[in-house]
**Q** 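Before we start, here is the structure in question, set down as structure tokens.
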Amino acid sequence: MNQCLDLALLAPNSSNMQPWQFYRVRSKEKREKLTHYCLNQNTVKTAAEMIVVVSRTDTWKRNSKLMLEALRNQDTEAPKSAIQYYSKITPLAYNQGFLGLLGWVKRLAFSIIGIFKPMVRQPKSKADMRVWANKSTALACQNLMLAFRSYGYDTCPIEGLDQRRVRRLLQLPYGKAEVCMAISVGKRGENRIYGPRIRFDRNLFVKEV
């Protein structure tokens, strides 16, 4: 479990802000509640382990400082552009300001500057921050699932759950942490696979332009 969790932490992510947390639910009482909050799905009831993966929109400031410390303390001299990125660019990009007011200023500025040249236009709101955090966290979920498969275990990502109750169960801060998904872990039973994997026509999804 720990080796797979460590591999999940190596997932690629936006600006190396690592906006994720992994909750390995081991308490019997919490596991029973989590199963109920996941609507008593078989993949949860029969799993050997359950992990709830959480995306965080509020840890970028701490992690920016950690990145600066790591860059300044490494053996080789860090590029000035990297130091500037984490000292100036990330605070500008991820800070939405009091009541999201800075986000509105950025929205206006991006719209004007974007007329003249291509530019990154997000995140410019708290909603954008949720999308940003969940995209990187989903990559870590995929890393975790692939890690378990490489060790011979199976997983199932679960979105069918009561996010509000799971958030309370884990005592997550409101408005700063969001349940991205839960992941059940174990070895598949002989009768647990319902049939071959179903995929639709490739041309519906792969486009050449």
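As a basis for the values below, the full set of heavy atoms in this structure was taken, side chains included, without hydrogen atoms, waters or symmetry mates.
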**Q** How many angstroms lie between CE in Met145 and OG in Ser150, if you round to the nearest 0.5 Å?
**A**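 Answer rounded to 0.5 Å: 12.5 Å.
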
**Q** Does any part of the side chain of Val44, heavy atoms only, come nearer than 4.5 Å to the side chain of Met50, both counted from C-beta?
**A**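 The answer is yes; the side chains approach within 4.5 Å.
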
**Q** Return a table of donor-acceptor pairs under 3.5 angstrom between the side chains of residues 71-78 and protein atoms on other chains or two or more places apart.
**A**
residue : atom : partner : partner atom : Å
Asn73   : ND2  : Glu69   : O            : 3.0
Gln74   : NE2  : Thr76   : O            : 3.2

**Q** Would you sort out whether Ser64 and Thr90 count as a side chain to side chain donor-acceptor pair (under 3.5 Å), showing the intermediate values?
**A** CA-CA 7 Å; Ser64 287; Thr90 54; 3.1 Å; yes

**Q** Measure the spacing between CD1 of Ile89 and CD of Gln84 and express it to the nearest 0.5 Å.
**A**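 Interatomic distance, Ile89 CD1 to Gln84 CD, rounded to 0.5 Å: 6.0 Å.
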
**Q** Step by step, would you call Phe110 with Val120 a side chain to side chain contact (heavy atoms under 4.5 Å, CB included)?
**A** CA-CA 8 Å; Phe110 293 166; Val120 177; over 6 Å; no

**Q** For the atom pair CZ (Arg62) and CE (Met17), what is the distance rounded to the nearest 0.5 Å?
**A**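 Between Arg62 CZ and Met17 CE, I get 10.0 Å after rounding to 0.5 Å.
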
**Q** To the nearest 0.5 Å, tell me how far Arg168 CZ sits from Tyr37 OH.
**A**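 These two atoms lie 8.5 Å from each other.
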
**Q** So which atom in Met1 and which in Ile51 form the shortest heavy-atom distance, rounded to 0.1 Å?
**A**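 Result for this residue pair: CE-CD1, 3.7 Å.
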
**Q** Not counting sequence neighbours, list each pair that qualifies as a ring-ring contact (aromatic ring centres under 6.0 Å, His included) and has a residue in residues 148-189.
**A**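 Residue pairs with at least one partner in residues 148-189: there are none.
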
**Q** Using side-chain heavy atoms (C-beta onward) and a distance below 4.5 Å, is Trp104 in contact with Gln96?
**A**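 No, their side chains stay 4.5 Å or more apart.
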
**Q** Verify side chain to side chain contact (heavy atoms under 4.5 Å, CB included) between Asn95 and Trp60, making sure each step is shown before the conclusion.
**A** CA-CA 9 Å; Asn95 187 9; Trp60 64 266; 3.7 Å; yes

**Q** Main chain of Gly160, side chain of Gln41: is a donor-acceptor contact present, judged purely on distance under 3.5 Å?
**A**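 Checked: pair present.
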
**Q** Say whether, by atom type as modelled, one donor and one acceptor occur between the side chain of Asn13 and the main chain of Ala11 under 3.5 angstrom.
**A**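 Yes, because the side chain of Asn13 sits within donor-acceptor range (under 3.5 Å) of the backbone of Ala11.
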
**Q** Can you tell me if CZ on Phe205 sees more than 12 non-hydrogen neighbours from other groups inside 6.0 Å?
**A**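 Yes, CZ of Phe205 has more than 12 neighbouring heavy atoms, counting only those of other groups under 6.0 Å.
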
**Q** Does a donor on one side chain and an acceptor on the other come within less than 3.5 Å for Ser15 and Tyr86?
**A**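 Side-chain D/A pair, Ser15 to Tyr86: absent.
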
**Q** Decide, yes or no, whether a salt bridge links Arg56 with Asp58 under the criterion of side-chain N to carboxylate O below 4.0 Å.
**A**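 Salt bridge between Arg56 and Asp58, a charged N being under 4.0 Å from a carboxylate O: yes.
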
**Q** Does one hydrophobic cluster hold both Trp20 and Leu10, with members joined at side-chain heavy-atom distances below 4.5 Å?
**A**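 Yes, it is one cluster - the side chains of Trp20 and Leu10 are joined through contacts under 4.5 Å.
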
**Q** What heavy-atom pair brings Ser184 and Ala47 nearest, and what distance separates the two atoms?
**A**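 Closest pair (atom of Ser184, atom of Ala47, distance): CB-CB, 3.6 Å.
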
**Q** Please name the pair of heavy atoms, one in Arg107 and one in Ser125, separated by the smallest distance, quoted to 0.1 Å.
**A**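 Shortest heavy-atom contact: NH2-CB, 3.9 Å.
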
**Q** Which pair of heavy atoms, one from Asn63 and one from Gln18, lies closest together, and at what distance?
**A**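 Minimum heavy-atom separation between Asn63 and Gln18: ND2-O, 3.7 Å.
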
**Q** When you look at CZ of Arg149, are more than 12 heavy atoms from neighbouring residues, nucleotides or ligands closer to it than 6.0 Å?
**A**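 More than 12 within 6.0 Å, yes.
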
**Q** For the residue pair Arg31 and Thr35, establish whether any side-chain heavy-atom pair is separated by less than 4.5 Å.
**A**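 Yes - at least one pair of side-chain heavy atoms lies under 4.5 Å apart.
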
**Q** Could you check whether any side-chain heavy atom of Thr57 comes within less than 4.5 Å of a side-chain heavy atom of Lys126, counting everything from C-beta outward?
**A**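 Heavy-atom side-chain distance check fails, nothing below 4.5 Å.
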
**Q** For Lys207, look at atom NZ and say whether over 12 heavy atoms of other residues, nucleotides or ligands are found less than 6.0 Å away.
**A**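 It does: Lys207 NZ has more than 12 such atoms within range.
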
**Q** Quick check on the hydrophobic clustering: are Ile183 and Leu5 connected, directly or via other members, by side-chain heavy-atom contacts under 4.5 Å?
**A**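 As far as the 4.5 Å side-chain criterion goes, Leu5 and Ile183 are connected within one cluster.
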
**Q** Can Ser14 and Trp132 be counted as having a side-chain donor-acceptor contact under 3.5 angstrom?
**A**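 A pair is found: one side chain offers a donor N or O, the other an acceptor, under 3.5 Å apart.
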
**Q** Starting from Leu161, can I reach Val53 by hopping between I/L/V/M/F/W/Y residues whose side chains sit under 4.5 Å apart?
**A**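 No, no single cluster joins them.
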
**Q** Write down the atom of Cys4, the atom of Leu144, and the distance for their closest heavy-atom approach.
**A**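 Here Cys4 and Leu144 meet closest at O-CD1, 3.5 Å.
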
**Q** Are Met181 and Leu169 connected in a single hydrophobic cluster, I mean Ile/Leu/Val/Met/Phe/Trp/Tyr linked by side-chain heavy atoms less than 4.5 Å apart?
**A**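 In one cluster with Leu169: Met181, no.
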
**Q** Can we say Lys187 and Asp154 salt-bridge, meaning some charged N sits less than 4.0 Å from an Asp/Glu carboxylate O?
**A**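 Salt bridge between Lys187 and Asp154, a charged N being under 4.0 Å from a carboxylate O: no.
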
**Q** Just verifying a value: how many Å separate Arg130 CZ and Thr137 OG1, rounded to the nearest 0.5 Å?
**A**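 Result: 12.5 Å between the selected atoms.
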
**Q** Side-chain contact, heavy-atom cut-off 4.5 Å: Gln122 with Asp128?
**A**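 A side-chain contact exists here, since the closest heavy-atom pair is under 4.5 Å.
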
**Q** Closest approach of Ser87 and Ile83, non-hydrogen atoms and distance?
**A**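 Smallest interatomic distance, heavy atoms only, reads OG-O, 2.8 Å.
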
**Q** Nearest 0.5 angstrom please: Arg165 CZ to Cys38 SG, how far?
**A**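 Taking CZ in Arg165 and SG in Cys38, the distance rounds to 12.5 Å.
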
**Q** With distance as the sole test, does Arg121 use its side chain to make a donor-acceptor pair with the main-chain N or O of Gly114 at under 3.5 Å?
**A**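 Present.
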
**Q** Within the 4.5 Å heavy-atom criterion, are Ser136 and Pro19 side-chain neighbours or not?
**A**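 With C-beta onward as the side chain, the pair touches.
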
**Q** Check the hydrophobic clustering (I, L, V, M, F, W, Y; side-chain heavy atoms under 4.5 Å; chains of links allowed) and say if Val179 and Val25 are grouped together.
**A**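 They do share one cluster, since a chain of ILVMFWY contacts under 4.5 Å joins Val179 to Val25.
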
